[in-house]
Amino acid sequence: MSPLLLVAFAAALALVGAPRLAAAGWVARSPRLGVAAWLALSAGVLLSALLAGLTLLLYWDCAHDLAASAWHVCLDALLGRHDHRARAFAVAGLAALLLLGARLGYSATRLYATHRSLRSRLRLLVRAAGTSGAVPGATVVTHPEPAAYLVPGPRLPGRAADIVITSAAVDRLKAEELSAVLAHERGHHEGRHFEATRWMRMLAQAFPRATCFRVGARQVDRLVELCADDTAARTATRLDLARALVALAGSPGPAPDLALDGGDALERMHRLLDPPRPLSRAQRFMVATLCAGGVTTPPLLAVLERTFVAF
């Protein structure tokens, strides 16, 4: 029963929860919670699938105790010492776990290699054509197209944001607009947006047929830009950031992910010029509760049947 409940919960999140979250208007009012919701939903789907395979593998009868004999239960079930049904369930669970692990491992390795290669190329570009000191907090690279971006990589303790801005952008932007650009990129760094986008892209690459992960990756890419805009608006005016967005939008410069002109530019412009009303405390609490439920429900479902049997 537990595997069926877990599969049903994963299907509900993927087929019902993901489309509703993608169409929700409240995420633009609180993009940080929107990112958290997508991370929780994706974790809930993945955790449900993993636990479904694990509960099939740990198929046991009422005489076994899970805490003391789980390993022996797995071997017993795989060797067919219970019955043919137990063996079939255990083999199916083991196959599911191996498949999920292989897909996740391949996707994570591939994505790590891609980002490592991109960081190496960008740092080589910075060493070859970059000058530091001209713009405090950033490296200026000589390039004919205006662009500003954060070099992709995890946020490490004590390490400042690695921001690159082209010479064309410095020439085109006013001082206030340039400060807004730098604040936006620092917002990406402080919000750990690289980690969030990499997690979603890893799932989208590992399971390309899962629409919820593909949609989630696009939505998180969009929402982290709104989060960085909100962070920049604390130290710069929204009008200056909007002007900088117009100045840099559509430039085919060397900008990778987490660039200033990323996300939906039109949505960002409207949001900067006409800020939406933030969510109330009750609404934030409700969203946070749903996010927590998406992650904690799979483990509860995994032990639900065993708990009832014990009583």
Side-chain angles (χ1 to χ4, degrees), residues 9-50 99-119 122 149-155 184-185 187-231 249 255-268 271 287 290-291 294-295 298:
F9 183 72
L13 288 178
L15 301 179
V16 180
R20 290 180 65 88
L21 183 57
W26 64 263
V27 295
R29 297 168 59 188
S30 183
R32 185 175 300 178
L33 269 180
V35 172
W38 276 110
L39 295 180
L41 185 145
S42 62
V45 172
L46 181 62
L47 192 56
S48 296
L50 291 173
L99 178 61
L100 289 173
R103 299 287 301 185
L104 288 172
Y106 173 76
S107 178
T109 303
R110 181 181 175 185
L111 201 60
Y112 173 79
T114 300
H115 283 135
R116 183 177 180 180
S117 175
L118 177 60
R119 285 197 300 270
L122 290 175
Y149 53 89
L150 180 70
V151 175
R155 177 185 173 185
H184 175 92
E185 299 305 329
H188 283 310
H189 179 73
E190 295 169 1
R192 298 184 181 274
H193 295 164
F194 171 77
E195 288 86 345
T197 56
R198 184 168 66 173
W199 163 260
M200 293 304 304
R201 290 176 186 178
M202 180 191 72
L203 294 180
Q205 288 185 11
F207 310 104
R209 294 182 181 273
T211 305
C212 62
F213 293 146
R214 296 200 310 270
V215 173
R218 292 194 299 267
Q219 288 295 315
V220 169
D221 284 348
R222 163 202 167 211
L223 292 174
V224 295
E225 295 300 332
L226 303 185
C227 290
D229 286 343
D230 289 344
T231 301
D257 303 326
L258 303 183
L260 177 77
D261 58 345
D264 188 330
L266 185 59
E267 178 190 28
R268 290 176 59 193
R271 193 171 178 274
V287 173
L290 291 174
C291 291
V295 178

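FYI, side chains are in, hydrogens and waters are out, and symmetry mates aren't considered; it's all heavy atoms of this structure.
Val295 and Ala43 make their closest contact through CG2-CB, 4.5 Å (heavy atoms, listed as atom of the first residue, atom of the second, distance). A pairwise comparison of heavy atoms in Phe9 and Gly294 identifies CE2-O, 3.8 Å as the closest pair. The shortest heavy-atom contact between Ala22 and Val215 is CB-CG1, 3.8 Å. Contact record, Trp26 with Leu21: CZ2-CD1, 3.7 Å, taken as the closest heavy-atom pair. Scanning all heavy atoms of the two residues, the minimum distance from Cys291 to Ala40 falls at O-CB, 3.5 Å. Nearest heavy-atom pair across Leu150 and His189 is CD2-N, 3.8 Å.
In this view, Arg271 and Asp230 satisfy the side-chain hydrogen bond (donor to acceptor under 3.5 Å, both in side chains) rule, not counting sequence neighbours. Contacts of Gln219 classified as side-chain hydrogen bond (donor to acceptor under 3.5 Å, both in side chains), with partners at least two apart in sequence or in another chain: Arg222.
Taken to the nearest 0.5 Å, the NE2 atom of His193 stands 6.0 Å off from the OG1 atom of Thr231. Atom CG in Leu13 sits 8.5 Å away from atom SG in Cys212 (nearest 0.5 Å). Rounded to the nearest 0.5 angstrom, Asp221 CG and Thr197 OG1 are separated by 6.0 Å. Atom-to-atom distance recorded for Phe213:CZ and Met202:CE is 9.0 Å, nearest 0.5 angstrom. To the nearest 0.5 Å, the span separating CG on Leu46 from CZ on Phe207 amounts to 6.0 Å.
There is a side-chain donor-acceptor pair under 3.5 Å between Glu225 and His184.
When side chains are defined from C-beta on, Leu203 does not count as touching Arg214, because their heavy atoms never get closer than 4.5 Å.
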Check residues 30-39 and write down every donor-acceptor pair under 3.5 Å in which the side-chain atom is one partner and the other belongs to a residue at least two apart or another chain.
none

